[in-house]
Peer 1: 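Dropping a structure here in structure tokens format, bear with me for questions.
When a ligand or atom number is given, it counts from 1 through the structure's own listing order.
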Amino acid sequence: MSVSQVEAELATPPRVGIGPHLLSVADLGADGIAEVLRVAEAFAEVERRSIPKVPALRGKVVATLFFEESTRTRLSFETAAKRLSADVLSLAVASSAVKKGESLRDTVQTIEALGIDAVVLRHASSGAPEQVARWVERAHVINAGDGWHEHPTQALVDCFTVRQVLAEGAKVDPATLGVSCFEGLRVVIVGDVRHSRVARSEVLAYSALGAEVVLAGPTSLMPANLDGWPVSVAEDLDDVLGSADVVSLLRLQAERGSGSFVPSLREYTAGWGLTRERVARLAAHAIVTHPGPMVRGVEIASDVADLPSVVVTRQVTNGVAVRMAVLFLLLGADSALEGLGSTRG
Ligand code: CP
């Protein structure tokens, strides 16, 4: 994509409305996901410039509020906001007034009183971002992972990455594929689905785009009730690997007690880990995603994790462009881009 094409893409009014908040992939639907991927593609191009920064959100303030640990999501959102020229406030929860007993509501209202435009929230409680969205007056709320519920931007990153790999295979620009490339794609999500917010967001995203989603993992780590989920369940990973286009590996969520749902890590790995033997069963074009952090030797063998078909690092790289797109669509798309090229490299 040329610089002028990037400018044209970003200056185009949003094709579908996004917002005011991003709490769930369900807030987007297929059209919203397609719009995020379209805009992210333009920002991926901006990232390849020598000065990967645009003034799109100059004057806006983005606060990151992480009540749970994070490496990728937090850094990715903060990098994305800075590349859009927004100011970033990063609340260090461990050294904040939260430790003196201040409630989530008072914390959020205090931050909003500072004049912020967006709150990026990670919280151990499912539904916390939805609650915060009811308390704020004008700020946009973005769910950066809430309990077992959802991690919408991770699923968007995964879709973006899968499409990028498909486009490379077809030797075409990813933007030209739209989202039709997901029709009939077979995505196998493996592991601790029960405790995984990434799995829930991926199921919503991939199925909205027309992919076939298969869940594979020990019965004890499947959700208690799958009524209404647009998925099938594989009782044996080896039965479904050969037909997978995408394998999405999940981490055992030890912090949510998943260790007590399996007899031992060794048995888990024997049944559900992506070992050298299993990776050999994958089709040549199949790719493996993982939201990170990976636990080498448990859900994935250490040498498998470094294979070219495992696109974990690429997911992290793409996370910045996708989160730029989300921030831009929520905070800046209505005013379009003024002087996009002024900080062009
Ligand atoms: N994928 C993901 O959410 O990673 P972090 O916990 O490091 O943010």
Peer 1: Please tell me whether Asn318 and Thr161 have a donor and an acceptor in their side chains that are separated by less than 3.5 angstrom.
Peer 2: yes

Peer 1: What distance separates Glu299 CD from Leu249 CG, expressed to the nearest 0.5 Å?
Peer 2: 6.5 Å

Peer 1: Which atom pairs, nitrogen or oxygen on both sides, join ligand 1 and the protein at under 3.5 angstrom?
Peer 2:
unit_1   : atom_1 : unit_2 : atom_2 : d
ligand 1 : 1 (N)  : Gln154 : OE1    : 3.1
ligand 1 : 1 (N)  : Pro291 : O      : 2.8
ligand 1 : 1 (N)  : Gly292 : O      : 3.2
ligand 1 : 3 (O)  : Thr73  : OG1    : 2.9
ligand 1 : 3 (O)  : Arg122 : NH2    : 2.9
ligand 1 : 3 (O)  : His151 : NE2    : 2.9
ligand 1 : 4 (O)  : Arg72  : NE     : 3.1
ligand 1 : 6 (O)  : Arg122 : NH1    : 2.8
ligand 1 : 7 (O)  : Thr71  : N      : 2.8
ligand 1 : 7 (O)  : Arg72  : N      : 2.9
ligand 1 : 7 (O)  : Arg72  : NE     : 3.1
ligand 1 : 7 (O)  : Arg72  : NH2    : 3.1
ligand 1 : 8 (O)  : Ser70  : OG     : 2.6
ligand 1 : 8 (O)  : Thr73  : N      : 2.9
ligand 1 : 8 (O)  : Thr73  : OG1    : 2.6
ligand 1 : 8 (O)  : Arg122 : NH1    : 3.4
ligand 1 : 8 (O)  : Arg122 : NH2    : 3.3

Peer 1: Ring pair (Phe, Tyr, Trp, His ring centres under 6.0 Å) with Trp148: which residues, sequence neighbours excluded?
Peer 2: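 Testing Trp148 for ring pair (Phe, Tyr, Trp, His ring centres under 6.0 Å), a comparison that skips the adjacent residues, returns His195.
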
Peer 1: If the condition is ring pair (Phe, Tyr, Trp, His ring centres under 6.0 Å), which residues does Phe66 pass it with, not counting sequence neighbours?
Peer 2: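 Here no residue qualifies.
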
Peer 1: More than 12 heavy atoms of other residues, nucleotides or ligands under 6.0 Å from CZ of Arg281: is that the case?
Peer 2: yes

Peer 1: Tell me which pairs pass side-chain hydrogen bond (donor to acceptor under 3.5 Å, both in side chains) where either residue lies in residues 105-114, with sequence neighbours left out.
Peer 2: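 Checked against side-chain hydrogen bond (donor to acceptor under 3.5 Å, both in side chains) - neighbours excluded - the pairs reaching residues 105-114 are Ser103-Asp106.
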
